[in-house]
Amino acid sequence: MCGSDGTNGANGANGTNGAANQGAHFRSSPYQPVGDFLSNVNKFKIIESTLREGEQFANAYFDTETKIKIAKALDEFGVDYIELTSPAASEQSRKDCEAICKLGLKAKILTHVRCDMRDAKLAVETGVDGLDVVIGTSSFLREHSHGKDMAYIEKTAIEVIEYIKSKGLEVRFSSEDSFRSDLVDLLSLYRAVDKVGVNRVGIADTVGCASPRQVYDLVRTLRGVVSCDIETHFHDDTGCSIANAFCALEAGATHIDTSVLGIGERNGITPLGGLLARMVVSAPDYVKSKYKLHMLKEIEDMVAEAVEVNTPFNNPITGFCAFTHKAGIHAKAILNNPSTYEILNPADFGLTRYVHFASRLTGWNAVKTRVGQLGLAMTDDQIKEVTAKIKALADVRPIAIDDADSIIRSFHLTLHEQPAAAQANGAPVEVVQ
Ligand SMILES: CC(=O)SCCNC(=O)CCNC(=O)[C@H](O)C(C)(C)COP(=O)(O)OP(=O)(O)OC[C@H]1O[C@@H](n2cnc3c(N)ncnc32)[C@H](O)[C@@H]1OP(=O)(O)O
Ligand SMILES: O=C(O)CCC(=O)C(=O)O
Ligand SMILES: [Zn+2]
């Protein structure tokens with residue numbers, strides 16, 4: 001089953017009208033996974049990193065109260081894990097980590113640390129459920145970030161993992177900049193950490209260079225090398241973060257890192273809402289039963305306010321026009337059956353669809369709906385006439401909903417000023433408002 005159940009919205013604050021639910025018929029999605037035995041599209045987990053990667057967004061400053069508010073909201077939304085900034089970052093980061101661990105949330109709490117025993121020791125004392133350990137493996141990072149070779153990385157990784165496990169905590173080991181790392185180096189490192197019982201290995205596209213096909217190939221190869229879970233982390237520098245996350249799941253990844261609105265270093269990572277837009281189409285039953293999708297807008301608004309940005313107009317699901325249909329051809333079909341031009345159902349997210357009719361691209365079917373909403377009665381020919389008037393004004397300047405409504409109302413009045421003529425033309429009696 002794809003998309004929506006076809007419920008319609010009420011009048012819209014943005015000056016458009018709700019589309020009617022006229023016999024919505026939703027067929028099975030052609031985009032369902034095709035039964036690939038590796039695919040985890042129907043059973044993935046989310047590691048929500050707004051409070052770690054998201055804090056690395058240029059505008060982000062989260063005080064303790066804001067962190068707690070975001071953590072509670074994400075927990076209620078249904079994410080599996082909440083990842084927090086390293087307690088090594090600052091004293092307040094450490095205290096905030098402890099405070100969030102004490103909230104008793106359903107989601108597991110992770111903190112993100114360098115592959116370094118001092119960081120690990122600090123982190124295990126905070127009360128977290130697990131540690132996400134990371135170290136760069138590309139030659140860029142080995143040379144210019146930490147200066148360590150692969151032998152050192154493997155040895156330290158094993159020590160750190162064994163230490164964390166000895167404390168009874170979950171541990172993930174990740175190679176930063178995985179897609180610019182040597183494949184043989186990478187696989188032998190992952191094999192080594194898998195052998196010592198790491199819970200997950202992570203692949204990170206730290207610079208956002210990977211294409212979906214590269215992601216599929218690497219995750220699929222890794223799936224054949226390790227038996228533990230596979231987490232993936234995709235930056236959006238080249239616009240592939242959602243597609244890459246999806247391909248990773250198809251290839252057998254088990255966990256996806258997200259942040260609300262995608263906030264993170266530079267232009268960020270896979271956004272929580274964008275990922276769920278993709279996944280609700282591919283795995284509707286799983287996604288709708290696991291996540292409180294109607295909370296998405298409220299969570300995005302909370303984070304947008306905290307980091308002082310606006311939700312992008314074209315944001316999946318919550319962009320202001322994500323469910324607005326404008327062109328006449330679209331409007332007519334949407335009014336008959338919303339699945340004609342919608343793969344997502346706004347009602348699944350507690351949102352409303354709108355049909356725009358105040359423009360020169362409108363058509364008489366959209367205007368007819370508006371006439372009905374205004375409680376007016378007109379024949380189809382009259383509606384076509386008033387549609388032409390709306391278009392004529394919209395050819396001169398942009399028009400607002402009030403302009404279109406006034407045109408409709410004054411046209412309707414003129415019909416009543418000439419009752420004899422109108423009746424002679426078979427015009428109906430006005431419907432009581
Ligand atoms: C791709 C990512 O997003 S990874 C996560 C990034 N997150 C963070 O950086 C958290 C916030 N960071 C911080 O608060 C600080 O950078 C700290 C506390 C972690 C370290 O601060 P400082 O000791 O002042 O070092 P600085 O930030 O200048 O440089 C990073 C240090 O970590 C080392 N390092 C970098 N990556 C790793 C790693 N994965 N494992 C071990 N050491 C590492 C570098 O070699 C460098 O050490 P140096 O003191 O020998 O030069
Ligand atoms: O820990 C990870 O897997 C990812 C770290 C990170 O933020 C990155 O490499 O971009
Ligand atoms: Zn990152």
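Only this structure's heavy atoms are used, side chains among them; waters, hydrogens and symmetry mates stay out. All ligand and atom numbering here is 1-based and tracks the order in the structure.
Ligand 1 lies within reach of Q56, whose nearest heavy atom is under 4.0 Å from it. Every heavy atom of S86 sits 4.0 Å or more from the atoms of ligand 1.
Here S227 pairs with D194 under the side-chain hydrogen bond (donor to acceptor under 3.5 Å, both in side chains) rule; sequence neighbours left out.
For Y291 and F77, the ring centers sit closer than 6.0 Å to each other. Proximity of the aromatic rings of H233 and H235 is defined here by a centroid distance below 6.0 angstrom, and this criterion is met.
When non-hydrogen atoms are compared, ligand 2 lies under 4.0 Å from neither the backbone nor the side chain of Q56. The proximity of R52 to ligand 1, defined as any non-hydrogen pair under 4.0 Å, is limited to the side chain. Proximity of K148 to ligand 1, defined as any heavy-atom pair under 4.0 Å, is not found for any part of the residue. At a heavy-atom distance under 4.0 Å, atoms from both the backbone and the side chain of T206 approach ligand 2. Under 4.0 Å from ligand 1, heavy atoms of A89 appear from its side chain as well as its backbone. By the criterion of a heavy-atom distance under 4.0 Å, neither the backbone nor the side chain of R200 is placed next to ligand 2.
Checked by distance only, ligand 2 and H112 come closer than 3.5 Å through their nitrogen or oxygen atoms. At least one N or O atom of H233, backbone or side chain, sits closer than 3.5 Å to an N or O atom of ligand 2.
Protein heavy atom at the shortest distance from atom 3 (O) of ligand 2 is S174 OG, 2.7 Å. Nearest protein heavy-atom contact of atom 35 (C) of ligand 1 is S145 OG, 3.6 Å. Looking only at protein heavy atoms, the nearest one to atom 39 (N) of ligand 1 is V134 O, 2.8 Å. From the protein, the heavy atom lying nearest to atom 10 (O) of ligand 2 is H235 NE2, 2.9 Å. Ranking the protein heavy atoms by distance from atom 31 (C) of ligand 1 puts R114 NH1, 3.4 Å first. At the top of the distance list for atom 18 (C) of ligand 1, counting protein heavy atoms only, stands A88 O, 3.4 Å.
A cation-pi arrangement, defined by a distance under 6.0 Å to the six-membered ring centre and an angle within 45 degrees of its axis, is absent between K45 and Y81. Both cation-pi conditions hold for R278 and F246: the charged atom is under 6.0 angstrom from the six-membered ring centre and inside a 45 degree cone around its axis.
Sorted by chain and number, the protein atoms of type N, O or S within less than 2.8 Å of the Zn ion (ligand 3) are E53 OE1, H233 NE2, H235 NE2.
Within 4.0 Å of atom 29 (O) of ligand 1, not a single protein heavy atom is present. Distance check for atom 43 (C) of ligand 1: a protein heavy atom is found below 4.0 Å. When distances from atom 50 (O) of ligand 1 to the protein are checked, no heavy atom turns up under 4.0 Å. Checking atom 46 (C) of ligand 1 against the protein gives no heavy-atom contact under 4.0 Å. For atom 8 (C) of ligand 1, the protein comes within 4.0 Å by no heavy atom at all. For atom 26 (P) of ligand 1, no protein non-hydrogen atom is found at a distance below 4.0 Å.
The nearest non-hydrogen atom to atom 2 (C) of ligand 2, considering only R172, E176, E231, comes from R172.
The backbone N or O of S181 sits nowhere less than 3.5 Å from a side-chain atom of S138 that would complete a donor-acceptor pair. Judged by distance alone, with hydrogens and angles left aside, the side-chain atoms of D75 form a donor-acceptor pair with the main-chain N or O of K106 at under 3.5 Å. Although no hydrogens or angles enter the test, the distance criterion places a donor-acceptor pair under 3.5 Å between the side chain of R223 and the main chain of V226. Between the side chain of S282 and the backbone N or O of M279, no donor-acceptor pair lies under 3.5 Å. Put simply, the side chain of T66 never gets that close to the backbone of F62: no donor and acceptor are under 3.5 Å apart.
Ligand-side atoms of ligand 1 in range of E176: 1 (C), range being under 4.0 angstrom from any heavy atom. Those atoms of ligand 2 that come under 4.0 Å of a heavy atom in A204, given as number and element, are 3 (O), 4 (C), 9 (O). Taking every heavy atom of H112 and a limit of under 4.0 angstrom, the matching atoms of ligand 1 come to 4 (S), 5 (C).
Judged purely by distance below 3.5 Å, without hydrogens or angles, the side chains of T318 and E300 pair a donor atom with an acceptor atom.
Residue L103 places its CG atom among more than 12 non-hydrogen atoms of other residues, nucleotides or ligands, all under 6.0 Å distant.
Shown are T111, I82, I68; of these, the side-chain contact (heavy atoms from CB on, under 4.5 Å) with L51 is made only by I82.
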ring-ring contact (aromatic ring centres under 6.0 Å, His included) assessment of F349 paired with H294: CA-CA 4 Å; F349 307 93; H294 64 275; over 10 Å; no
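The minimum heavy-atom distance between I383 and W364, with the atom names listed, is CG2-O, 3.5 Å.
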